[in-house]
Amino acid sequence: MFETVLQVPIRCHYLASLCRKGRSCDVEAYVSVHFTIRLFTVFTLVRSCSLSVHSMGNSTSRLYSALAKTLSSSAVSQHREYLEQSDVEQLDPKELLEECQVILQKRPPRLQRDFVDLRTDSISSHRPIRVMQWNILAQALGEGKDNFIQCPMEALNWEERKCLILEEILAYKPDILCLQEVDHYFDTFQPLLSRLGYQSTFFPKPWSPCLDVEHNNGPDGCALFFLKDRFELINSVNIRLTAMKLKTNQVAIAQTLKCNETEKLFCIAVTHLKARTGWERFRSAQGCDLLQNLKNITQGAEIPLIICGDFNAEPTEEVYKEFSNSSLNLNSAYKLLSADGQSEPPYTTWKIRPSGECRHTLDYIWYSQHTLNVNSALSLLTEEQIGPNRLPSFNYPSDHLSLVCDFSFNQDLDRLL
């Protein structure tokens, strides 16, 4: 009863029908009303079943009870006030990880990956900054539109798949987390990760394809999380990308953070460019727009920059070349895993659709190569680990692999603002 209450999507049917059919409603209004109604309903239902919940005793899931407390604490307030509250009870990440593993005990064990040491100079006296990039696969798209023909529908069950996602995040403990295709921000990732010490921002796509799927959970978009005890937010910009002077459906978030330990500034950005073959020029235009925005934000590369994203572009595409040749002096971190340090991984996504097998390199972590060092990077899953049915699967929740890097500031850097 308790688990079901927390997971049943509750919507404003009027706004939802407008978004799905005519797509004429305001997305922010949809998200606001959807979230507020969901919270209020969950709050009411949780109160009504409190006796049965208490009777479950020690077997009650900490994962769901933590989510319930977070949701019910501000059920009758506006979601912005809820998101800004700072006095919520903190969670122990080890306990949450253990709880995820209990829920996943009938699934195969998590696939193991190792970090590759990439340091070429002396060890920094400061802790590295761990950045995680991941397209986590929107739940609505995974179940309703993406047609992963070799992936059983049971493997996409949200109650377990979200635990696989959380398990991956908790296992690698990123200081900064950049996600794409997030359609469970308000009811899952923001409530839980905020109680693990993360501050976050979510920017949905204006016309998310998730809204075309029956029983969707709202629009998907980009989300950026950072640990509040490690960084201070200086500036945050939500960017709706343009192409040929027209606003597009793709977005980015760019934030200037101050590292509390070094007191140095840097900019972190997350984006998700237009998908599919035939849209190469469109992606190129979006990339140019994003680069121009980042030049302004970083004051012409005065502030070190890290860009995470699903670019939906192979290294042969023009948008990749634009980032490689940018005046921002960017390099792709995962090239450093190759023997010559100049080649991207053979794949970051691998799936099977009705049209055939899709094996591509689309995801990147770009960084300012003159001001930042890559200390280590997480190795990719091997073909053997991925298995013949490819991704997603019972033991990996997305069709995209997560990328994780440890960064440090150059020791001789003395021009940071």
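Keep in mind that this is a model prediction, so the values were computed, not measured. Just so you know, these numbers use all the heavy atoms, side chains as well, and skip hydrogens, waters and symmetry mates.
- Less than 6.0 angstrom separates the ring centroid of His184 from the ring centroid of Trp158.
- For Tyr396 and Gln385, the side-chain atoms include no donor-acceptor pair closer than 3.5 Å.
- Of the N and O atoms on the side chains of Glu143 and Gln139, at least one donor lies less than 3.5 Å from an acceptor on the other residue.
- Residues Leu196 and Leu170 meet the side-chain proximity criterion, which asks for heavy atoms closer than 4.5 Å.
- Between the side chains of Asp117 and Ser376, no donor-acceptor pair of N or O atoms lies under 3.5 Å.
- Remark: the Ser402 side chain and the Arg113 side chain contain an N/O donor-acceptor pair separated by less than 3.5 Å.
- Side-chain polar atoms of Ser208 and Asp220 form a donor-acceptor pair below 3.5 angstrom.
- The nearest pair of heavy atoms linking Ala377 to Leu337 is CB-CD2, 4.1 Å.
- Of the residues Gln101, Arg107, Lys106, the one that meets the side-chain contact (heavy atoms from CB on, under 4.5 Å) test with Leu104 is Arg107.
- Residues passing the salt bridge (Lys or Arg N to Asp or Glu O under 4.0 Å) test with Glu384: none are found, sequence neighbours excluded.
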### Message
Between Ser398 and Ile165, is the side chain to side chain contact (heavy atoms under 4.5 Å, CB included) condition met? List the steps.
### Response
CA-CA 8 Å; Ser398 177; Ile165 296 172; over 6 Å; no

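- Here the closest non-hydrogen pair linking Pro128 and Arg230 is O-NH1, 2.8 Å.
- For the 3.5 Å distance criterion, the side chains of Ser379 and Asp114 fail to qualify, holding no donor opposite an acceptor.
- Between Phe323 and Tyr364, the distance separating the two ring centers is not shorter than 6.0 angstrom.
- Not less than 6.0 angstrom separates the ring centroid of Phe225 from the ring centroid of Phe189.
- Look at Lys94 and Asp92 and you find no salt bridge, because none of the NZ, NE, NH1 or NH2 atoms lies under 4.0 Å from a carboxylate O.
- Using modelled atom types, one finds a donor on one side chain and an acceptor on the other under 3.5 Å when comparing Gln255 with Thr201.
- Classification of Lys162 and Glu167 as a salt-bridged pair fails, no side-chain N sitting under 4.0 Å from a carboxylate O.
- Gln250 and Thr271 form no side-chain donor-acceptor contact under 3.5 Å, judged by distance and modelled atom types alone.
- For the atom pair CZ of Phe148 and CE of Met153, the computed distance is 10.5 Å after rounding to the nearest 0.5 Å.
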### Task
Go through the steps to decide whether Phe203 and Tyr185 satisfy the test side chain to side chain contact (heavy atoms under 4.5 Å, CB included), and finish with yes or no.
CA-CA 10 Å; Phe203 192 22; Tyr185 175 80; over 6 Å; no

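- Distance SG/Cys178 to CD1/Ile365: 8.0 Å, rounded to 0.5 Å.
- Screening Phe231, Phe407, Tyr367 against Phe266 for a ring-ring contact (aromatic ring centres under 6.0 Å, His included) leaves a single residue, Phe231.
- A side-chain N or O of Asp310 and one of Asn135 form a donor-acceptor pair less than 3.5 Å apart.
- Summarising the geometry, atom CG belonging to Leu97 is positioned 8.5 Å from atom NZ belonging to Lys173; distances are rounded to the nearest 0.5 Å.
- A donor and an acceptor atom, one from each side chain of Thr361 and Tyr334, are nowhere located under 3.5 Å apart.
- Atom CG of residue Leu401 and atom CG of residue Asp363 lie 8.0 Å apart, to the nearest 0.5 angstrom.
- A salt bridge between Glu154 and Arg161 is absent, with no side-chain N of the basic residue lying under 4.0 Å from a carboxylate O of the acidic one.
- Comment: Glu89 engages Arg195 in a salt bridge, judged by a side-chain N to carboxylate O separation of less than 4.0 angstrom.
- Residues Cys267 and Ala254 share a closest heavy-atom pair of SG-CB, 4.3 Å.
- Side chains of Trp134 and Glu168: a donor-acceptor N/O pair is absent below 3.5 angstrom, by distance only.
- Across every non-hydrogen atom of Asp289 and Leu241, the tightest pair is OD2-CA, 3.4 Å.
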### Task
Under the side chain to side chain contact (heavy atoms under 4.5 Å, CB included) rule, what do Gln199 and Leu233 come out as? Steps first, then yes or no, please.
CA-CA 9 Å; Gln199 182 172 329; Leu233 178 63; 3.5 Å; yes

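- For the 3.5 Å distance criterion, the side chains of Ser368 and Asn329 fail to qualify, holding no donor opposite an acceptor.
- The line from CG of Leu137 to CG of Asp183 is 8.5 Å long, rounded to the nearest 0.5 Å.
- The minimum heavy-atom distance between Pro174 and Met132, with the atom names listed, is CB-CB, 3.7 Å.
- Side-chain N/O atoms of Ser332 and Glu344 include a donor and acceptor closer than 3.5 Å.
- More than 12 heavy atoms of other residues, nucleotides or ligands sit less than 6.0 Å from atom CZ of Arg240.
- By the 6.0 Å and 45° rule, Arg110 stacks over the aromatic ring of Tyr172.
- A distance of 8.5 Å separates CG in Leu96 from CG in Leu193, rounded to the nearest 0.5 Å.
- Arg130 and Asp175 are not joined by a salt bridge, as no carboxylate oxygen comes within less than 4.0 angstrom of a charged side-chain nitrogen.
- Between the side chains of Gln286 and Thr248, at least one donor N or O lies within less than 3.5 Å of an accepting N or O.
- Between Leu156 and Cys151 there is a side-chain heavy-atom pair separated by less than 4.5 Å.
- Contact between Ala301 and Ser327 at its shortest, heavy atoms only, is CB-O, 4.3 Å.
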